[in-house]
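The structure appears below as structure tokens.
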Amino acid sequence: MKLGRLNHVGVATPSIADSIAFYRDVMGASVVTEPFDMAEQGVKVCFVHTPGAGGTEGTQIELIEPIGESAGIRAFLAKNPAGGQHHLCFEVPDIHAARDEFLAMGKKVLGEPRIGAHGTLIFFVHPRDMGGVLTEIMETPKHAAGH
Ligand code: CO
């Protein structure tokens with residue numbers, strides 16, 4: 001495994017609208033993507049952009065609000081009613097190679113690689129094998145390669 005760019009920090013919220021207002025009004029965010037539903041995961045998400053060094057693409061904040069009854073994020077919000085940090089997402093060049101590496105290290109990979117919110121393949125690794133941090137591994141979007 002070779003650690004890549006921190007693509008985003010996932011933040012669970014009971015209200016994506018309230019969180020967008022917070023990042024705009026309190027934190028001065030100027031670029032926030034339109035929220036969209038990920039029906040299979042039972043969540044609504046959007047991305048708050050932060051500027052990177054030297055005009056590069058910075059790390060994003062993924063705001064996640066549950067819309068489905070069975071969304072895993074609901075259990076998180078039950079324990080953290082105000083919302084909070086949910087996961088970190090790191091980029092890798094090859095998602096299947098990364099998955100094989102985590103499995104070879106005995107890490108609990110949660111499911112097969114699937115298309116994530118950025119339209120590229122992702123998988124999650126269980127927090128108990130990752131120092132307590134739910135970790136998302138994401139294949140670098142092709143358009144961003146070389147950034
Ligand atoms: Co994420």
Side-chain angles (χ1 to χ4, degrees), residues 1-24 26-27 29-53 56-103 105 107-145 147:
M1 174 63 191
K2 187 173 190 318
L3 187 64
R5 173 173 173 266
L6 177 62
N7 180 279
H8 64 263
V9 177
V11 172
T13 173
S15 165
I16 221 165
D18 288 354
S19 291
I20 290 171
F22 168 81
Y23 278 100
R24 282 194 192 283
V26 177
M27 300 299 284
S30 55
V31 181
V32 181
T33 67
E34 198 60 38
F36 61 97
D37 292 353
M38 296 188 71
E40 249 176 71
Q41 278 70 49
V43 296
K44 180 192 291 290
V45 304
C46 77
F47 291 92
V48 178
H49 289 234
T50 73
T56 58
E57 202 176 345
T59 294
Q60 300 173 349
I61 298 149
E62 177 184 35
L63 299 174
I64 313 159
E65 177 189 331
I67 51 173
E69 284 312 312
S70 62
I73 206 88
R74 269 199 200 285
F76 181 90
L77 283 172
K79 282 184 234 157
N80 307 272
Q85 292 175 40
H86 180 259
H87 66 272
L88 297 181
C89 176
F90 298 99
E91 293 181 13
V92 295
D94 182 331
I95 196 79
H96 294 100
R99 180 174 175 278
D100 289 348
E101 286 161 5
F102 277 107
L103 289 173
M105 289 185 283
K107 306 296 185 191
K108 184 166 175 58
V109 170
L110 304 171
E112 290 297 314
R114 58 175 171 78
I115 296 292
H118 286 83
T120 66
L121 289 168
I122 64 107
F123 63 83
F124 284 89
V125 189
H126 198 287
R128 79 164 170 248
D129 291 343
M130 301 297 285
V133 179
L134 176 62
T135 302
E136 180 180 2
I137 301 296
M138 166 185 161
E139 192 157 282
T140 302
K142 294 295 178 251
H143 73 265
H147 276 208

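We number each residue from 1, following the sequence as shown. Numbering of ligands and ligand atoms starts at 1, following listing order.
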Which heavy-atom pair separates G4 from F90 by the least distance, and what is that distance? O-CD2, 3.8 Å
Which pair of heavy atoms, one from P66 and one from R74, lies closest together, and at what distance? CB-CG, 3.7 Å
Taking side chain as C-beta onward, heavy atoms only, is I20 less than 4.5 Å from L63? yes
Examine the side chains of E139 and T120 and answer whether a donor and an acceptor come within less than 3.5 Å of each other. no
Looking only at heavy atoms, the pair that brings G111 and R99 closest together is O-NE, 3.9 Å
Taking only distance into account, with no hydrogens and no angle test, what donor-acceptor pairs under 3.5 Å do side-chain atoms of residues 121-137 form with protein atoms, sequence neighbours excluded?
{"residue": "H126", "atom": "ND1", "partner": "R128", "partner atom": "N", "Å": "3.0"}
{"residue": "D129", "atom": "OD2", "partner": "K108", "partner atom": "N", "Å": "2.6"}
{"residue": "T135", "atom": "OG1", "partner": "V133", "partner atom": "O", "Å": "2.9"}
{"residue": "E136", "atom": "OE1", "partner": "H8", "partner atom": "NE2", "Å": "2.9"}
{"residue": "E136", "atom": "OE1", "partner": "H87", "partner atom": "NE2", "Å": "2.9"}

Which protein N, O or S atoms lie under 2.8 Å from the Co ion (ligand 1)? H8 NE2, E62 OE1, H87 NE2, E136 OE1
